[in-house]
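Take a look at the structure below.
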Amino acid sequence: RNVVVTGGEPLLQQRALGEFVRSLHAADPSYRFEVETNGTLTPEPAMVNAVSQWNVSPKTDNSANRPERREVPAALAALRDTGRAYFKFVVVEPADIDEVRRPVERSSLPAASVPLMPQGPPPTRRRPCPPACTHTCLLYTSPTPRDLSTSRMTSSACKKKAYPNG
């Protein structure tokens, strides 16, 4: 049995969530818990021990959140240190690939735990995530992910492939 906790920011409700997890474990120890978080809050020790997998989706500039609210290095490091976290970044435009490097490098996130996800276009947007960016996302999410810090696929290279005529 797998329970995924998501919606809003679950770590804002850590005490209640901890009680929920403990009660389900008491009823059936085979429960497995995943928590989806934006990575801006540090999990309490009881939560760290109770959660099987952390699905962290740090926000980038494309989210319109202010930088100081979307990147909290101490929280990312605490989640990294669980050894059970994946850090998924949404890529909308070529520049997002370069922006992802900052928190990955600052928090020493392991490349194997950093998938990139191309965002599909909202109904009001004319162009989806460019094919070259989508290709780059797939490279970093492949069975042998590439390290973003040593990548030659910069936003300018991605943009040139995505929009060869400007």
What verdict does the salt bridge (charged side-chain N to carboxylate O under 4.0 Å, His left out) test give for Arg102 and Glu105, after you've listed the backbone C-alpha separation in whole Å, the side-chain angles of each residue and the deciding distance to 0.1 Å?
CA-CA 5 Å; Arg102 184 181 62 243; Glu105 291 171 359; over 6 Å; no

Between atom OG of Ser52 and atom OH of Tyr31, what is the distance when rounded to the nearest 0.5 Å?
13.0 Å

Is Val4 reachable from Leu17 through a run of I, L, V, M, F, W or Y residues, each pair having side-chain heavy atoms under 4.5 Å apart?
no

Does Val21 share a hydrophobic cluster with Val3, counting links as ILVMFWY side-chain heavy atoms below 4.5 Å and allowing steps through other members?
yes

Interatomic spacing from NZ in Lys59 to CD in Glu99 - rounded to 0.5 Å
12.5 Å

Counting only N and O atoms by type, is there a donor-acceptor contact under 3.5 Å from the side chain of Arg106 to the main-chain atoms of Pro73?
no

Throw together a table of side-chain donor-acceptor distances under 3.5 angstrom for residues 40-51, partners on residues two or more places apart or in other chains.
| from | atom 1 | to | atom 2 | distance (Å) |
| --- | --- | --- | --- | --- |
| Thr40 | OG1 | Asn38 | OD1 | 2.7 |
| Asn49 | ND2 | Pro45 | O | 3.2 |

Could you list the residues that satisfy salt bridge (Lys or Arg N to Asp or Glu O under 4.0 Å) with Arg15, not counting sequence neighbours?
none

Arg80 vs Ser108, test: side chain to side chain contact (heavy atoms under 4.5 Å, CB included). Steps then yes/no.
CA-CA 8 Å; Arg80 175 205 63 215; Ser108 300; 3.8 Å; yes

State plainly whether one hydrophobic cluster holds both Val104 and Trp54, where clusters connect Ile, Leu, Val, Met, Phe, Trp and Tyr through side-chain heavy atoms under 4.5 angstrom apart.
yes

Begin from the C-alpha positions of Val114 and Phe89 and carry the test side chain to side chain contact (heavy atoms under 4.5 Å, CB included) through to its verdict.
CA-CA 7 Å; Val114 182; Phe89 290 86; 3.7 Å; yes

Stepwise, does the side chain to side chain contact (heavy atoms under 4.5 Å, CB included) test hold for Arg1 with Asp28?
CA-CA 9 Å; Arg1 295 181 175 177; Asp28 184 347; 3.4 Å; yes

Could you walk me through whether Leu76 and Val56 satisfy the side chain to side chain contact (heavy atoms under 4.5 Å, CB included) test, starting with their C-alpha distance in whole Å, then the side-chain angles of each, then the deciding distance to 0.1 Å, before giving a yes or no?
CA-CA 8 Å; Leu76 292 177; Val56 187; 4.1 Å; yes

Going only through I, L, V, M, F, W and Y residues with side-chain contacts under 4.5 Å, is there a path from Leu11 to Phe33?
yes

Is there a path of hydrophobic side-chain contacts, each under 4.5 Å between heavy atoms of I, L, V, M, F, W or Y residues, that connects Val100 with Leu79?
yes

Stepwise salt bridge (charged side-chain N to carboxylate O under 4.0 Å, His left out) check, Arg69 with Glu9
CA-CA 13 Å; Arg69 296 204 59 209; Glu9 175 49 56; over 6 Å; no

Partners meeting side-chain contact (heavy atoms from CB on, under 4.5 Å) with Tyr86 (sequence neighbours left out)
Gln53, Ser113

How far does CZ of Arg32 sit from NE2 of His25, to the nearest 0.5 angstrom?
10.0 Å

Would you find a donor on one side and an acceptor on the other, under 3.5 Å apart, between the side chain of Thr82 and the backbone of Arg84?
yes

From Asn55 CG over to Thr37 OG1, what is the distance, rounded to the nearest 0.5 angstrom?
10.0 Å

